[in-house]
Protein chains: 2
Amino acid sequence: MAVVLRPAQAIKLVHDFSLALVRDGEPDLSSRQIAILLTIYLEPPPHHVRDLARKLGVTKPVITRALDSMGKLDLVSRRRDERDRRDVVIQRTVKGALAVERIGDLLAEQAQQLPP
Amino acid sequence: MAVVLRPAQAIKLVHDFSLALVRDGEPDLSSRQIAILLTIYLEPPPHHVRDLARKLGVTKPVITRALDSMGKLDLVSRRRDERDRRDVVIQRTVKGALAVERIGDLLAEQAQQLPP
DNA sequence: CCCGTTTAATACGGCCCCGAAACGAGTTTG
DNA sequence: CAAACTCGTTTCGGGGCCGTATTAAACGGG
């Protein structure tokens, strides 16, 4: 059963969700960072910088920098691939998994509270 | 009828939506800017800087700067309130209304395509 | 074994945003 | 009317992200 959402409901949902993100004071993730983070947690590993850059349609430095900043927040981690040491494998963290869950719960809750 | 959205579906929805925002290349709005823009278009006027700052839980300069940048994109406009010239009234624009509609349509479409 | 290719990271110059504090104009109050 | 208050903006010092171009390390075919 597909999720049915009228455009007017969708607008309110985006509004409530953005507002919740802003108000909860957590470090602000950009759209890019959210897309990267959720890709890492939704799609099966392994993840490499080049794949993420291609999937998001951005340049590789964008991914490197996003991993730098999200790494500082302990939302993802990196390690060299020993089989091909040019590669970097991006890994999940406990804190990142919790952050992803929080995002899902937050949106599901906002959707639940939408007026008909 | 409330919108029913399981957390796992919500995560995928946020992912697809963020990805669509990143990929379409339009000037990137931050969470704050999206929250401000949608508040202006969802809630009844008049809107003042102080109200938006209070509703979003941010300082007034944040609102001023967001209005500056969104004004440059012609998504909102401002004028002095002649009845109390300290006040600034924030107004909608045609381009802003279209951008809001686009956001709603984008999310509704992503929701429609969610697997059950 | 060398040289072209691939990979991620870094350097660069530019632009935008942050919160706190100070500011200028306008209004209200005593 | 002068002092206090309100409102939005600007200033200040600091930080982050952007894309392009370049770099350094590692791989691999000839």
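Below, read A as the first sequence line, B as the second, and so on, with proteins coming before strands; counting in each chain starts at 1. The shown structure was predicted, so the numbers you read here are calculated from the model rather than taken from an experiment.
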Novice: Output the rounded distance in Å from CD (A/Glu82) to C1' (D/dC27).
Specialist: 14 Å
Novice: Roughly how many Å is it from CG in B/Leu67 to P in C/dC16, rounded to a whole number?
Specialist: 16 Å
Novice: To the side chain of B/Arg86, which of D/dG8, D/dC7, D/dA25 is closest?
Specialist: D/dC7
Novice: Are B/Thr39 and B/Lys55 side-chain neighbours, meaning at least one heavy-atom pair lies under 4.5 Å?
Specialist: yes
Novice: Nearest of D/dC27, C/dA9, C/dG26 to any side-chain atom of B/Arg85?
Specialist: C/dG26
Novice: Starting at the 5' end of DNA chain D and moving along, which residue's nearest nucleotide shows up first, B/Arg50 or A/Ile63?
Specialist: B/Arg50
Novice: Applying a 4.0 Å non-hydrogen cut-off, can you work out what B/Ser30 is touching in the nucleic acid: base, sugar-phosphate, or nothing?
Specialist: nothing
Novice: Whole-Å distance between C/dT6 C1' and A/Asp51 CG?
Specialist: 13 Å
Novice: Looking only at the side chain of B/Thr59 (C-beta and beyond, no hydrogens), which of the listed nucleotides C/dA8, D/dA25, C/dG19 gets closest?
Specialist: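 The answer is C/dG19.
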Novice: Within this structure, what is the CG-to-P distance between A/Asp81 and D/dA25, rounded to whole angstrom?
Specialist: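 Rounded to whole Å, this separation is 19 Å.
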Novice: Using the closest heavy atom to pick a nucleotide of DNA chain D for each, name whichever of A/Asp84 or A/Arg65 lands nearer the 5' end.
Specialist: A/Arg65
Novice: For a quick check of understanding: with a heavy-atom distance under 4.0 Å over all strands, which category does A/Val62 fall into, base, sugar-phosphate or nothing?
Specialist: sugar-phosphate
Novice: Flag yes if more than 12 heavy atoms outside A/Arg83 fall under 6.0 Å of its CZ atom; otherwise flag no.
Specialist: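 12 or below, so no.
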Novice: In whole angstrom, what separates A/Met70's CE from D/dC17's C1'?
Specialist: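 Result: 13 Å.
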Novice: OP1 or OP2 of C/dC17 versus the side-chain N and O atoms of B/Gln33: is any pair under 4.0 Å?
Specialist: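 It does, given that an N or O in the side chain of B/Gln33 lies less than 4.0 Å from OP1 or OP2 of C/dC17.
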Novice: Among C/dG19, D/dT20, D/dG8, find the nucleotide with the atom closest to the side chain of A/Pro61.
Specialist: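 Of the options given, the side chain of A/Pro61 lies nearest D/dT20.
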Novice: Does the B/Ser18 side chain pair with the main chain of A/Ile34, one donor and one acceptor, at a distance under 3.5 Å?
Specialist: no
Novice: List the atom of A/Leu75, the atom of A/Lys95, and the distance in Å for their closest heavy-atom pair.
Specialist: CD2-O, 4.1 Å
Novice: Is there a donor-acceptor contact under 3.5 Å from the side chain of A/Gln33 to the main chain of A/Ser30?
Specialist: yes
